[in-house]
Amino acid sequence: MSEYQYSEIERNRLSKLEQLRQQGLEAFPARVERSHTTQAALTEFEAAEAAADAAPLQATLVGRIRSIRQMGKLIFAHIEDGYGRLQLFLRADTLGAEQLQTFRDYYDLGDFVEARGEMFRTKAGEASLNVAAIRMIAKAITPLPAAKDEVVDGEVVRHATLADPETRYRQRYADLAVNPQVREVFRIRAATTRSLREFLDSHDFLEVETPVLQPVYGGAAARPFVTEHNQLKQELYLRISFELYLKRLLVGGYERVYEIGRDFRNEGVSRKHNPEFTMLEFYMAYADYQRVMEFTEEMLRFTAQQVLGGAKFSYQGNEIDLGRDWPRITVADAVQEFAGIDLAQYPDAKSLAAAMAAKEYYVAPKASRGKLIEGLVGDHVEPRLIQPSFLYDYPREISPLAKSSPDDAQTVERFEGYVAGFELCNAFSELNDPLDQLARFEEMSGMDADDEDRHPLDEDYLRAMRYGMPPNGGFGMGIDRLTMLFTDQPNIREVILFPHLRKREGE
RNA sequence: GGCCCCGUAGCUCAAUGGUAGAGCAGUUGACUCUUAAUCAAUUGGUUGAAGGUUCGAGUCCUUCCGGGGUCACCA
């Protein structure tokens, strides 16, 4: 049983609904007529205007009532559909006094209607539908949380609109219904994934789907969500990455695979983190990380071109240009330049921690040398990388799945792409030597079970690798973060339709 | 999880510790070219919840619930 209490406004609207029904008027019909979208009606009407001898345009439109202006026996209203908005012109002469009164008495802002009539231009010059018949196709009981619309230079400006972030996220349907710019964010998001697919498909990649429920999680350092299969009495993890399954497919003979899907990480929620988020990973046989860097630049340029029409965009006040060559700087050089520490002089965690402490930098307790370097990058380097850049050659102990550099045992062939001061993607020359991989897993086994960096040993993955895995370059990118960039949104929740929020009492 | 801030009408927001208000939405009325229409009148509140201090609490204190920011964490 619902415990919902109707508000006064809702009770009023329910009463209108009841009265409509008493008059035999169905407020939620199963079938509707529609000859044009609002956009098509406007386009065709303007074309007919241009052709002097064209017949008047008859149209049947559907949409949600977004404004009503009553002028006695004349009513102006705007309807909005998925394509735009259009003014309805309701006049007693055309519609009939009785129908006009029905509209006045029972129709509200937010209702969906079907209106039939002839397109014309009002004295004020707005292309409008002179309504000959109108009917309710879905009555809105709850008023939409927006007061009024205004059109300024062709743009709809909504006044006193829904702004409370909590309500916007919990009731995204209402947010979308009243905030057109929010609808636009998710169109850009869809265009982004579409163009990434287009790029990868055109480069001979195979799109695949791998398990979300995994008996062993891996491919990243994060706490997993744990669940259980009842019948198999088996503990399962929601995946934290796709990596290990995608690389198994290279063993199987596919040269290029990718997956776009959801990862789950049981970590804190922040401006840049949601417990479930969308990731793109691809693996490219016979490529190394340098090749993947080039490919990444190409891919993001293509995507920006498709989605934004060019390589330049503005993000939170910074002008970002994906078009130029991305600077490539080693982690060691970046730490030297931005943090003033020469990593070569500090070959172990203890000496590096001391050097950092001397500069009054934050030193994470019990951190490995790799973890300390990562901290330096996060604190001192990352925020400075506004224009698209690659950092490369990462510490071995924080990269258990990456191939070692041929000339430095402490370093692996790994890069991260940074844009606007945050990490966008992460890639490496994938480790394909099963003996080295086993050694890496065993290094991890010395760690505490709850250490974030501990990577579980995956026997089946090792078995796959023993069959022979071609050398390959792998890549992962957060789609949510890319969408944040493309839509100039500072918070990941703005690019996730239904972001995670704490459950409310009673829900 | 720590710290800081916030929660008032459907929406956006006011209110020195001293009568809880405005605009829009809603309701009633006027109006046949409006477009944030206009004009007149009007309804609507357990101020997130529970305690406490006080003659008196939206305001101060405590706890809880929810949200935002930030730090930690997030390879």
Side-chain angles (χ1 to χ4, degrees), chain A residues 6-13 15-16 66-78 85 87-94 100 108-110 120-126 128 130 141-152 156-170 174 178 218-223 240-241 243 265-275 277 362 364-365 368 370-371 373-375 377-379 394-402 412 414 416 423 426 428 444 451-455 476 478 490-491 493 501-507:
Chain A
Y6 288 107
S7 70
E8 184 188 347
I9 292 176
E10 289 169 325
R11 285 196 301 273
N12 181 266
R13 289 186 174 204
S15 152
K16 291 176 178 179
R66 295 312 318 242
S67 66
I68 299 175
R69 293 174 296 283
Q70 302 201 16
M71 302 285 303
K73 295 189 176 60
L74 181 62
I75 299 173
F76 296 92
H78 274 95
R85 62 207 316 269
Q87 183 168 259
L88 301 183
F89 182 84
L90 300 95
R91 183 163 56 173
D93 307 0
T94 315
L100 192 76
D108 290 298
L109 293 177
F120 78 113
R121 212 168 266 285
T122 61
K123 285 179 187 170
E126 179 167 350
S128 308
N130 186 12
I141 306 302
T142 305
L144 286 171
K148 293 206 169 179
D149 293 353
E150 179 184 18
V151 179
V152 180
V156 178
V157 177
R158 224 144 256 181
H159 294 273
T161 195
L162 181 63
D164 174 45
E166 182 176 358
T167 310
R168 288 187 47 234
Y169 301 147
R170 285 193 197 278
V178 302
R223 263 179 267 256
I240 60 174
S241 88
E243 173 151 1
R265 296 187 185 176
N266 208 338
E267 309 281 1
V269 177
S270 82
R271 210 163 55 79
K272 293 177 189 171
H273 300 87
N274 195 61
F277 62 100
Y362 173 76
S368 67
K371 195 84 178 171
I373 294 171
E374 190 176 38
V377 170
D379 292 344
Y394 276 71
R396 171 187 161 106
E397 65 259 86
I398 58 167
S399 316
L401 303 167
V412 294
R414 168 180 173 184
E416 290 187 349
E423 179 194 338
N426 178 27
F428 19 95
M444 297 285 163
D451 190 313
E452 295 277 354
D453 283 337
R454 187 171 179 276
H455 194 295
N491 194 313
R493 292 188 188 97
L501 293 179
R502 198 182 300 272
K503 184 180 168 182
R504 302 200 82 162
E505 288 294 310
E507 286 188 7

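- Searching all strands for a Watson-Crick or G-U wobble partner of C39(B) with both distances below 3.5 Å returns G29(B).
- The line from OG1 of T142(A) to CZ of R13(A) is 8.0 Å long, rounded to the nearest 0.5 Å.
- Using a 4.0 Å heavy-atom cutoff across all strands shown, G219(A) reaches at least one base atom of the nucleic acid.
- Taking atom P in both A49(B) and G66(B), the straight-line distance is 15 Å, to the nearest Å.
- Looking at heavy-atom distances under 4.0 Å, E10(A) makes no contact with the nucleic acid at all.
- Remark: K272(A) is not in phosphate contact with U70(B), judged by side-chain N or O atoms under 4.0 Å from OP1 or OP2.
- We find that CG of L109(A) is positioned 15 Å from P of C11(B), with the value rounded to whole Å.
- At the phosphate of U34(B), neither OP1 nor OP2 sits under 4.0 Å from any side-chain N or O atom of R69(A).
- Side-chain contact annotation: R69(A) with S67(A), donor-acceptor N/O pair under 3.5 Å present.
- Of the candidates U32(B), U35(B), U12(B), U12(B) carries the atom nearest the D164(A) side chain, counting heavy atoms from C-beta on.
- Nearest-nucleotide mapping onto RNA chain B: of A364(A) and I9(A), the residue sitting toward the 5' end is I9(A).
- We find that CD of E126(A) is positioned 7 Å from C1' of U35(B), with the value rounded to whole Å.
- Taking atom CG on L90(A) and atom P on U35(B), their separation rounds to 17 Å, with Å as the unit.
- Taking NZ of K16(A) as the reference point, atom CZ of R11(A) lies at 14.0 Å (rounded to 0.5 Å).
- In this model, the phosphate group of G68(B) is approached by a side-chain N or O of R493(A) to a distance below 4.0 Å at OP1 or OP2.
- A donor-acceptor contact under 3.5 Å is formed by the side chain of T122(A) with the base of U34(B).
- C33(B) and U46(B): their P atoms are spaced 42 Å apart (whole Å).
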Exercise. Would you please test E166(A) and R168(A) for salt bridge (Lys or Arg N to Asp or Glu O under 4.0 Å) and show each step?
Key: CA-CA 5 Å; E166(A) 182 176 358; R168(A) 288 187 47 234; over 6 Å; no

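- Base pairing of C60(B): its partner is G52(B), meeting the Watson-Crick or G-U wobble criterion (both donor-acceptor distances under 3.5 Å).
- With a 3.5 Å ceiling on both atom-pair distances, the Watson-Crick or G-U wobble partner of A22(B) is U12(B).
- Comparing G66(B), G26(B), G68(B) by their nearest atom to the side chain of Y169(A) picks out G68(B).
- Dashed line: the shortest gap from a side-chain N or O of Y362(A) to OP1 or OP2 of C73(B) is under 4.0 Å.
- Checked against G67(B), A37(B), G69(B), the side chain of N491(A) finds its nearest nucleotide in G69(B).
- Heavy atoms of L501(A) sit under 4.0 angstrom from primed sugar atoms or phosphate atoms, though from no base atom.
- Nucleotides U35(B) and G58(B) have their P atoms positioned 42 Å apart, rounded to a whole Å.
- The residue A163(A) sits close only to the backbone: its heavy atoms come under 4.0 Å of sugar-phosphate atoms, none of a base.
- Separating the CZ atom of F89(A) from the C1' atom of A37(B) is a distance of 14 Å, rounded to the nearest angstrom.
- Listed pair N12(A) / G26(B) fails the phosphate criterion, with no side-chain N or O lying under 4.0 Å from OP1 or OP2.
- Between the side chains of R414(A) and N426(A), at least one donor-acceptor pair of N or O atoms lies under 3.5 Å.
- Side-chain proximity of L74(A) to U35(B), G66(B), U32(B): nearest is U32(B).
- Interatomic distance, R223(A) CZ to I240(A) CD1, rounded to the nearest 0.5 Å: 11.5 Å.
- Comparing R121(A) and D379(A) against RNA chain B, the residue whose closest nucleotide sits nearer the 5' end is R121(A).
- The gap from the P atom of U59(B) to that of C5(B) amounts to 16 Å, rounded to the nearest Å.
- With values rounded to the nearest 0.5 angstrom, L88(A) atom CG is found 9.5 Å from I68(A) atom CD1.
- Residue side chain E8(A) does not reach the base of U27(B) through any donor-acceptor N/O pair under 3.5 Å, judged by distance alone.
- To the nearest whole angstrom, the two P atoms, one in A30(B) and one in U16(B), are 41 Å apart.
- Across all strands shown, U46(B) forms no Watson-Crick or G-U wobble pair with both key distances under 3.5 Å.
- A14(B) and C60(B) have their P atoms separated by 15 Å, with the value rounded to a whole Å.
- Comparing C71(B) with C13(B), their P atoms sit 25 Å apart, to the nearest whole Å.
- R271(A) places a side-chain N or O within donor-acceptor distance of the main-chain N or O of P490(A), the cut-off being under 3.5 Å.
- At whole-Å resolution of the value, CZ in R271(A) and P in C73(B) are 16 Å apart.
- Distance CD (Q70(A)) to P (C39(B)): 16 Å, rounded to an integer number of Å.
- Residue contacts for D93(A): at a heavy-atom cut-off of 4.0 Å it reaches a base atom on one of the strands shown.
- Regarding Q87(A), its CD atom lies at a distance of 10 Å from the P atom of A37(B), rounded to whole Å.
- If you take atom C1' in G52(B) and the same atom in G21(B), they sit 28 Å apart, rounded to whole Å.
- Rounded to an integer number of Å, the gap from NZ of K16(A) to P of U28(B) is 7 Å.
- In this structure, of C73(B), G67(B), C11(B), it is C73(B) that holds the atom nearest to the side chain of E267(A).
- Of the candidates G66(B), U27(B), U32(B), the closest approach to any side-chain atom of D108(A) belongs to U27(B).
- With a 3.5 Å ceiling on both atom-pair distances, the Watson-Crick or G-U wobble partner of G7(B) is C65(B).
- Using modelled atom types, one side-chain atom of S7(A) and one backbone atom of E10(A) make a donor-acceptor pair closer than 3.5 Å.
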